[in-house]
Protein chains: 2
Amino acid sequence: MLSRASKYAILSTLFLAQHSSEERKISVKEIAESIDVPSPFLAKLFQQLVRGKIISSTKGPHGGFYLSEKNKMKNVLDIIENIDGLNKINSCFMGLNECDSTNPCPVHFIVEPFKNNILGKFRDKTIMEFAKEISDKGRLLTLKDISPSFEEPHE
Amino acid sequence: MLSRASKYAILSTLFLAQHSSEERKISVKEIAESIDVPSPFLAKLFQQLVRGKIISSTKGPHGGFYLSEKNKMKNVLDIIENIDGLNKINSCFMGLNECDSTNPCPVHFIVEPFKNNILGKFRDKTIMEFAKEISDKGRLLTLKDISPSFEEPHE
DNA sequence: TTATTAAAAGACCTTTTTATCTTTTAATAG
DNA sequence: CTATTAAAAGATAAAAAGGTCTTTTAATAA
């Protein structure tokens, strides 16, 4: 449904929305470590997101990635479109080429409302609104294992 | 969410449920053409489904694939389990490693009910019941383009 | 009992996705 | 103006998914 690349891109962009600003740019490395994704891979994705005007970057000392005011108005679906294209997420759950309400696959009428629901969420909120909601509701934004668990003593 | 392999396997098994019987076995080639999937690939999947006791086969003249009475009691989730394993379909929509209701990803509470719904459908109906429902409700079971469209005259 | 048929087995190939590494470019702090 | 920093670019590699082909095995009809 979503490629790993899109998932990384979404999580990282939302992370930028929460933690970066024009004055406080963040390096790939820092983000990759926070989200727990391979940083060279994320670097590639970020290049593409910059080209797609989803995020912004500057080089050099204190450079890094951040969201401009325009970037903040984008939504999550823009990220998906930029990385996976829209076809992938819109395609039939069972893989049928011609699946619609007049010619439905066996699970069409279960999948359709779900898709509308989740795509609505990805389309109707700006990145900034989405990020705020995530902060407010305390949603998880990392691939890391967060369980406190037993800390193996290091020595 | 589902690999292409799983999708092919589900469609083909449901096709067997509808069109085959112990007396009327069907060859890979015939099924592959009906569903419109690559037949050597489907052959591999069928070998695995036979090993997993989801479908049955016999070699030789008038041999082919069919569903035994026991096979007919399996469900779609058994197919998915056999091909993809259960982890894949149960994994978090955003790819988080630790996503559950106490530590939810940003779309957890949208995805969860959908998953319960669709997994329920895949678990609670036997293959045979599922196939009947599909016939009764007139659901599509092929990757083929079915649009009547304009038939390009061949000569 | 033999020829034929169709699945089983397994080697192999291709494409896509994911991930890494090295070099170049540009920004800026000093 | 130079050293340093961090992204951009691009080449490359590794893994997974998808797909093909050839040989072997087993069933059965004649």
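Quantities reported herein were computed from a predicted structural model and do not represent experimental measurements. Convention: sequence-line order gives letters A, B, ...; per-chain numbering from 1.
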Here the distance between atom P of D/dA6 and atom CG of A/Leu16, to the nearest Å, is 15 Å
Looking only at heavy atoms, the pair that brings B/Ile83 and B/Ala5 closest together is CG2-CB, 3.7 Å
When A/Pro61 and A/Ala5 are each assigned the nearest nucleotide of DNA chain C, the 5'-most assignment goes to A/Ala5
Any idea how A/Phe130 and A/Phe122 line up, ring-wise: parallel (<30°), tilted (30 to 60°), or perpendicular (>60°)?
-> tilted
Of all heavy-atom pairs linking A/Ile127 and A/Asn71, the shortest is CG1-O, 4.2 Å
Check: Do the side-chain N or O atoms of B/Arg51 get closer than 4.0 angstrom to the phosphate oxygens (OP1, OP2) of C/dA8?
Finding: no
Rounded to whole Å, CD of A/Glu30 lies from C1' of D/dT5 at a distance of 15 Å
In whole angstroms, the gap separating P of C/dA8 from NZ of B/Lys25 amounts to 12 Å
**Prompt:** When we call it a touch if two heavy atoms are under 4.0 Å apart, what does A/Ser39 touch: a base, just sugar-phosphate, or nothing?
**Reply:** nothing
By nearest-nucleotide position on DNA chain C, the 5'-leaning member of B/Phe65 and A/Pro38 is B/Phe65
Does A/Gln47 make a side-chain donor-acceptor contact with the base of D/dA7, cut-off 3.5 Å?
no
Between CD1 of A/Ile26 and P of D/dA7 the distance, given in whole Å, is 11 Å
_Stepwise salt bridge (charged side-chain N to carboxylate O under 4.0 Å, His left out) test for A/Glu112 and A/Lys115_ = CA-CA 5 Å; A/Glu112 180 100 322; A/Lys115 246 188 213 164; over 6 Å; no
Fill in: Under-4.0 Å side-chain N/O to phosphate OP1/OP2 contact, B/Tyr8 with D/dG18
no
Check: Can you find a donor-acceptor pair, distance only, under 3.5 Å between B/Lys44 side chain and D/dG18 base?
Finding: no
* To do: Would you please confirm or rule out a distance under 4.0 Å between OP1 or OP2 of C/dA19 and any side-chain N or O of A/Arg4?
  => yes
Whole-Å distance, B/Asp84 CG to D/dA16 P, equals 14 Å
At under 4.0 Å, does any side-chain N or O of B/Ser57 touch on OP1 or OP2 of C/dA8? yes
One should read off an interatomic distance between A/Met1 CE and A/Ile89 CD1, to the nearest 0.5 angstrom, of 6.5 Å
A/Phe41 has its side chain closest, among C/dA19, D/dA9, D/dG18, to C/dA19
By the 4.0 Å heavy-atom rule, please label B/Pro40 as base, sugar-phosphate, or nothing. base
